[in-house]
Amino acid sequence: MLRLDGVTVRFGARVAVDAVSLDVADHEIVCVLGPSGSGKSTLLRAVAGLQPVDAGRVLLDGADQAGVPVHRRGLGLMFQDHQLFPQRDVGGNVAFGLRMRGVSRKEQAARVAELLDLVGLPGAERRAVAALSGGEQQRVALARALAPSPRLLMLDEPLGQLDRGLRERLVVELRHLFGRLGTTVLAVTHDQGEAFALADRVVVMRDGRIAQSGTPLEVWRRPASEFVARFLGFDNVVEATVSGEAADTVWGKVPVPAGSPQGGRQVLVRPAGVRLGDPADGLRCTVEARTFRGHHVAVRLRPDAGPPLEAECALRDAPDEGAVVGVTFTSDEVVVLS
Amino acid sequence: MVLARPEVTCGALRVGLMVLPVAFFAVFFAYPVAAIVGRGLKSDGIWQFGRLGEVLSRPDILDVLWFTTWQALASTALTLLIALPGAYVFARFDFPGKQVLRAVVTVPFVLPTVVVGTAFLALVGRGGLTDELWGLRLDTTVWAILLAHVFFNYAVVIRTVGGLWSQLDPRQEEAARVLGASRFEAWRRVTLPALAPAVAAAALMVFLFTYTSFGVVQILGGPAYTTLEAEIYRQTAQLLDLPTAAVLTLVQFVAVAAILAVHARTVRRRETALKLVDAAQTARRPRGAGQWALLGAVLLTVVLLLLLPLGVLVARSFGGADGLAYYRALQDAGAGGGTFLVPPVEAIGNSLQYALAATGIALLIGGLAATALTRRAGRLVRGFDALLMLPLGVSAVTVGFGFLIALDEPPLDLRSSWILVPLAQALVGVPFVIRTMLPVLRAVDARLREAAAVLGASPWRVWREVDLPLVRRAVLVAAGFAFAVSLGEFGATVFIARPDNPTLPVAVARLLGRPGELNYGQAMALSTILMAVCAVALLLLERIRTDRSGEL
């Protein structure tokens, strides 16, 4: 469907997208995940033709898109802040792409009604866009992008501006909807929760390059680098020398899963793999802080040596601040980073 | 399918849009002005730059330069002094009739300078209202000119400063108050700095308009007070001293270019991020004796300074046996002792036709230029932006006379063509069109256009579907301004309007130049008609006013 082949975009001396190659298959939902400034939005704009490509090729269905202007690419793009046309009502917004393609009035009306139904706003055609809530604008923007049946739908921070509860609900709805319609989707977001819930495949970007690509589970279970691990919120990363099923670190011996890469590496211990016990056994740590996180408590530990550690434990097991505990590690929550 | 790369198309498009405006300004502005300057400074094909020094060392010319500058400074200071409290009242107070009053104070700005001069003549001139009541005449003093300038430019300050003031978030001041600032301290530290660029921009505009003042000075100045522009007219039309006129034109050109350069810089600073809110949320009903007194003082100023002159003008236009004698005399070519070849009333039709044609030209040229300038770009485009403002300040007299001597040969022999007048008037209208449309076009979110393009709209359709609906109101406002300005244009038209086809301002000036009560009365009557036409155009505009059209 979509193939990026060494795509590079420069802004002056700065390289925003650096030789990115990426394939999106038919009906696949790919989510580009990265911090702000990682070049993910620029990537979308390059695919849409809104941003000229300095090197590399963008191919859609095998056809090189160089020289094809934006309006002939047949894509859908949902902007971060929706960009609904303020002077048109909901129906006028959704019908816009159809009008541009010369669809008859009757077909337009039918398609608009169908799409508003699909996004859960039946009969909203005559409403003014200014009177819509954030979530409703979101739905109208989605309907507008979907109406001309684009071969590829692109979403720029699709749920960025909505509040948390709505976001979590919508992301499920979206995935369900795309699955039903068989839409091919390329989305970008900085929110890992959103990416993991939406995507078949997650592409993590850093400084214009792809840092890791894989299914949400793969990326979550086996972050490829310290950057990906930290971006996913895992801070227990330490230098290590791996030999066999143990890694030698400043925190002492850490057990690693069988078949891990050997030698000088970095090791990630997920908070769930940090066990707290009696100070006599394991790594001696002082409890610096505890943060209530609802179903668990995050405990920040200061070991006698090495970087701080974060542990996760049940509320009733959580030690008080200032307490001294002994830490052991469980191998199934440890990842050797390559 | 071979298509150009998008960025190439965009650049080519912009160049294409600029072709017509550039050609228009080259042929109808730069060429005539250059021709007349050349005619004045060249003899036997050799540039005589020595004349610059010669002319500029003449005491009478130095007097003119000195007077032009100090009266412009005094007019600007006086306008700010009188109009700034008004700007505050319009921005922050809510009172019945505010909308109507806002339209009323704008009427003088679009009034032809000739009418303004005539109105003040009727108020403080010989046989005027104050002369009759108290024997007080100001038309031989500089005060008449200064007051007329305040009258004319009151709206500039109200619209530029008041427009921004009403959109400043009052909570910024409240935040300062909570942090311990007194009411005055909060205003001085928070509001004033935010307002300062707008005040500076307004002051520069007023300075520009008063520096190049012609019609007002021509009627109220008498022999004692002459501005640069009026002197250029005298040297050209009466003394036929082209070298002196050419030097003065150059002086004015340099001065105006300098003012515009400072103005462009100020406007850019004004565009820096300010937290703006909807103007409707910031106005409150006045509270306490002080605020009511301020409102009363502003209303009194408006009545005395703006409404009274116009009222007197209208009153003076009714006279003679049954009160309508002057209006009736307008229909008779011979009534004023052979001032005209045609009945003066025909000037109304002429003016309307010319103004409509000029509005069309100004909208086309200004619209194309504004569209091309929409996307902010490099220094070159910014420079062009300022360049388009030049016709506002460059001697209209020079342009008019330049038309006569430059556009008289094939292929551009337009001397006998009626289009000459609208072309000259459009020159003054174009800057207004650009100033009105550009802020609105620039305020259109670029990503809205991108959204349309992704949905399949070609560049032309993007413009039609996204830009046009959003700027339609601004286009109408621009058209109204261009129409009013064309209708009142005097400096250039006075040269090129043919005797059998006078425009309203030209006819008024000609009537005032003749002795006799009937001529005077006819001038008042014609001015009243001109004012009514302008006021109707403006009131129509006020109904469709956009908030972002406040640059002028």
Side-chain angles (χ1 to χ4, degrees), chain A residues 9 41 44-54 63-89 92-103 129-130 140-141 143-156, chain B residues 1-14 16 277-278 280-281 374-379 437 439-477 544 546-549:
Chain A
V9 177
S41 288
L44 275 200
R45 294 174 59 82
V47 174
L50 294 168
Q51 179 67 50
V53 172
D54 291 305
D64 191 344
Q65 298 295 301
V68 178
V70 185
H71 63 283
R72 302 247 168 88
R73 294 200 179 186
L75 302 173
L77 171 59
M78 206 169 108
F79 284 80
Q80 189 171 357
D81 38 9
H82 319 322
Q83 296 297 335
L84 298 177
F85 302 122
Q87 76 280 13
R88 293 175 206 287
D89 57 15
N93 266 281
V94 178
F96 191 89
L98 301 170
R99 271 202 313 122
M100 293 304 121
R101 284 163 178 75
V103 174
V129 292
V140 174
R144 183 178 72 174
L146 282 173
S149 310
R151 42 186 174 165
L152 170 70
L153 176 65
M154 298 190 288
L155 311 170
D156 189 359
Chain B
M1 188 161 60
V2 182
L3 285 157
R5 288 170 68 86
E7 70 270 36
V8 178
T9 324
C10 181
L13 199 69
R14 179 185 285 184
V277 295
D278 184 9
Q281 294 169 2
T374 301
R375 258 146 269 191
R376 279 154 211 276
R379 200 173 281 271
M437 286 181 61
V440 183
L441 279 171
R442 281 191 176 154
V444 177
D445 196 327
R447 279 166 316 151
L448 215 48
R449 300 192 185 100
E450 293 178 358
V454 173
L455 286 166
S458 61
W460 153 245
R461 287 210 85 172
V462 169
W463 189 83
R464 221 188 73 195
E465 302 280 349
V466 177
D467 290 75
L468 190 61
L470 292 174
V471 301
R472 191 180 297 143
R473 276 151 37 117
V475 171
L476 288 171
V477 172
I544 51 170
T546 61
D547 277 331
R548 295 200 61 98
S549 61

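Naming: A, B, ... by sequence-line order, numbering from 1 per chain. Worth knowing before you read on, the calculation uses all heavy atoms, side chains too, and leaves out hydrogens, waters and symmetry mates.
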Quiz prompt | Value rounded to 0.5 Å, distance of CZ in A:F85 from CZ in B:R449 | solution =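 Between A:F85 CZ and B:R449 CZ, I get 11.5 Å after rounding to 0.5 Å.
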
Exercise. Would you give the length of the straight line joining atom NE2 of A:H82 to atom CZ of B:R447, rounded to the nearest 0.5 angstrom?
Key: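 Taking NE2 in A:H82 and CZ in B:R447, the distance rounds to 11.0 Å.
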
Quiz prompt | Winner by heavy-atom pair count (cut-off under 4.5 Å) against chain A, out of B:A451, B:P469, B:G456 | solution =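 That would be B:G456.
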
Quiz prompt | Closest heavy-atom pair and its distance - B:A457, A:M100 | solution =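 Looks like CB-SD, 3.6 Å.
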
Quiz prompt | Nearest heavy atoms of B:V454 and A:G76, plus distance in Å | solution =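 Of all heavy-atom pairs spanning B:V454 and A:G76, the closest is CG1-C, 4.0 Å.
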
Practice problem: Look at the side chain of A:Q87 and the backbone N and O of B:E465, then say whether any donor-acceptor pair between them is shorter than 3.5 Å. | Solution: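 Looks like yes, one N/O pair under 3.5 Å.
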
Quiz item: Would a distance-only check, ignoring hydrogens and angles, find a side-chain to backbone donor-acceptor pair under 3.5 Å from A:R101 to B:L455?
Solution: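 Checked: pair present.
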
For [X], is it the side chain, the backbone, both, or neither that has a heavy atom closer than 4.5 Å to a heavy atom of chain B?
X: A:L50; answer: side chain
X: A:R99; answer: both
X: A:R144; answer: both
X: A:L98; answer: neither

Quiz item: Do A:P86 and B:L448 have side chains that get closer than 4.5 Å, going by heavy atoms?
Solution: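 Yes, close enough: below the 4.5 Å cut-off.
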
